[in-house]
Enquirer: 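Here's a structure for you.
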Amino acid sequence: MRRRLLHTLAQAAARPLACPPSAPARAAGLAADAIIVLGAGLDARAEMTAASRERVDAAAALWRLQVATRVVVTGGKTRGAARSEAEVMGEGLLARGVPAEALLLEPLAMTTRDNAQRCAELLLSDARSTAPPVVWLVTQPFHGRRARWLFQKAGFAPMVWHIVDSLQYRDPGQALQWTVREYLAWAKALTLR
């Protein structure tokens, strides 16, 4: 009973933060200039957490749909790790079949705002048209709306890949923690406009 109540509360709190789901069949028709995988922290051994592993799995699945020729992994060194999130998650993508020539690592970003700005430095200088580059953002659903907003502000035309079976839906305790943190991040983002 308690777990069900926690699950209901976590999902109700997270609903306003998520972007509408995007079905895999719909994605097949939506080509992008790049897939961008947002960093999600590393554990004490500088290995992927369940959240970062979920993002890597989702990005590899999206890559296999052939919607983009490049995959950008963004995330710096967090919690005193010796390696960046981008480096570790990039290795995870290689292990899942994404070729090295398709990967582009951005190893310095420490926040979602940094992710957007540093990816803009990498991809917008390379843009051949005046239209904003179309990108798929890979992150958990609770993080999608703010990520999309920040990437729009950085000059992209972002779409958020909805992880249908996300940890967010399976672990209500973790989901509630992420959601509270995300609301605080929104408050900070809106004050820094």
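Keep in mind the model is a prediction, meaning the values are calculated, not measured.
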Enquirer: Over all heavy atoms of both residues, which pair between L42 and T78 is shortest? Give the atoms and the distance, please.
Expert: N-OG1, 4.2 Å
Enquirer: So how far is it from F151 CZ to L123 CG, rounded to the nearest 0.5 Å?
Expert: 9.0 Å
Enquirer: Salt bridge between D165 and R170, side-chain N to carboxylate O under 4.0 Å?
Expert: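 Result for this pair is no, no salt bridge flagged.
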Enquirer: Salt-bridge test for R83 and E91: reply yes if a basic N is under 4.0 Å from a carboxylate O, no otherwise.
Expert: yes
Enquirer: Taking all non-hydrogen atoms of both residues into account, name the closest pair between T112 and A147 and its distance.
Expert: CG2-CA, 3.9 Å
Enquirer: Compare all side-chain heavy atoms of V37 with those of T74 and state whether any distance is below 4.5 angstrom.
Expert: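 No, every pair of side-chain atoms sits at 4.5 Å or beyond.
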Enquirer: Minimum heavy-atom separation for G155 to P133, with atom names?
Expert: O-CD, 3.6 Å
Enquirer: Minimum heavy-atom separation for V72 to C119, with atom names?
Expert: CG1-SG, 3.9 Å
Enquirer: Check E54, R55, E85, M89 against M48 for a side chain to side chain contact (heavy atoms under 4.5 Å, CB included) and give me the one that passes.
Expert: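 Of the listed residues E54, R55, E85, M89, the side chain to side chain contact (heavy atoms under 4.5 Å, CB included) partner of M48 is M89.
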Enquirer: For the residue pair L137 and W161, establish whether any side-chain heavy-atom pair is separated by less than 4.5 Å.
Expert: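 Sidechains of W161 and L137: no contact.
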Enquirer: Could you go through the side-chain contact (heavy atoms from CB on, under 4.5 Å) check for E106 and V73 one step at a time?
Expert: CA-CA 6 Å; E106 184 294 299; V73 188; over 6 Å; no
Enquirer: With clusters defined by side-chain heavy atoms of hydrophobic residues (ILVMFWY) lying less than 4.5 Å apart, directly or transitively, does F142 cluster with L167?
Expert: yes
Enquirer: Are the side chains of H143 and L38 in contact, using a 4.5 Å heavy-atom criterion?
Expert: yes
Enquirer: Please find the pair of heavy atoms, one from L93 and one from A60, that lie closest to each other, and give the distance.
Expert: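 Smallest interatomic distance, heavy atoms only, reads CD2-N, 3.8 Å.
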Enquirer: Out of I35, D33, L30, which residue meets the side chain to side chain contact (heavy atoms under 4.5 Å, CB included) rule with V67?
Expert: I35
Enquirer: Working to the nearest 0.5 Å, report the span between CZ of R146 and OH of Y183.
Expert: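 Going from the CZ atom of R146 to the OH atom of Y183 covers 12.5 Å.
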Enquirer: Mark yes or no for whether S52, through its side chain, and T49, through its backbone, hold a donor-acceptor pair below 3.5 Å.
Expert: yes
Enquirer: Is the backbone of E87 close enough, under 3.5 Å, to the side chain of S84 for a donor and an acceptor to pair up by distance?
Expert: yes
Enquirer: Are W63 and V134 joined in one hydrophobic group, where the rule is that I, L, V, M, F, W and Y side chains link up if heavy atoms are under 4.5 Å apart?
Expert: yes
Enquirer: With hydrophobic residues grouped by side-chain heavy-atom distances under 4.5 Å, do L108 and L103 end up in a single group?
Expert: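 No, because L108 and L103 fall into different hydrophobic clusters, even though each may have its own neighbours under 4.5 Å.
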Enquirer: Measure the shortest side-chain to side-chain distance between P132 and F156 over non-hydrogen atoms and say whether it is less than 4.5 angstrom.
Expert: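 P132 does not reach F156 side chain to side chain.
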Enquirer: If you apply the rule side-chain contact (heavy atoms from CB on, under 4.5 Å), what do you find for V135 with M159, and how did you get there?
Expert: CA-CA 6 Å; V135 295; M159 300 179 285; over 6 Å; no
Enquirer: Is the backbone N or O of A154 less than 3.5 Å from a side-chain atom of Q117, with the two atoms forming a donor-acceptor pair by type?
Expert: no
Enquirer: Enter the distance from R70:CZ to E101:CD here, rounded to the nearest 0.5 Å.
Expert: 13.0 Å
Enquirer: Could you measure the distance from the OG1 atom of T139 to the CD1 atom of I36? Nearest 0.5 Å is fine.
Expert: 12.0 Å
Enquirer: Checking R118 side chain against D114 main chain: does a donor-acceptor pair fall under 3.5 Å?
Expert: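 No; zero donor-acceptor contacts below 3.5 Å.
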Enquirer: Evaluate the side-chain proximity of K153 to W149: yes if any heavy-atom separation is below 4.5 Å, no if none is.
Expert: yes
Enquirer: Where is the tightest heavy-atom contact between Q140 and S166, given as atom of each residue plus distance?
Expert: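 Looking at all heavy atoms of both residues, the closest pair is CG-OG, 3.6 Å.
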Enquirer: How many angstroms lie between atom CG of L150 and atom OG1 of T111, to the nearest 0.5 angstrom?
Expert: 8.0 Å
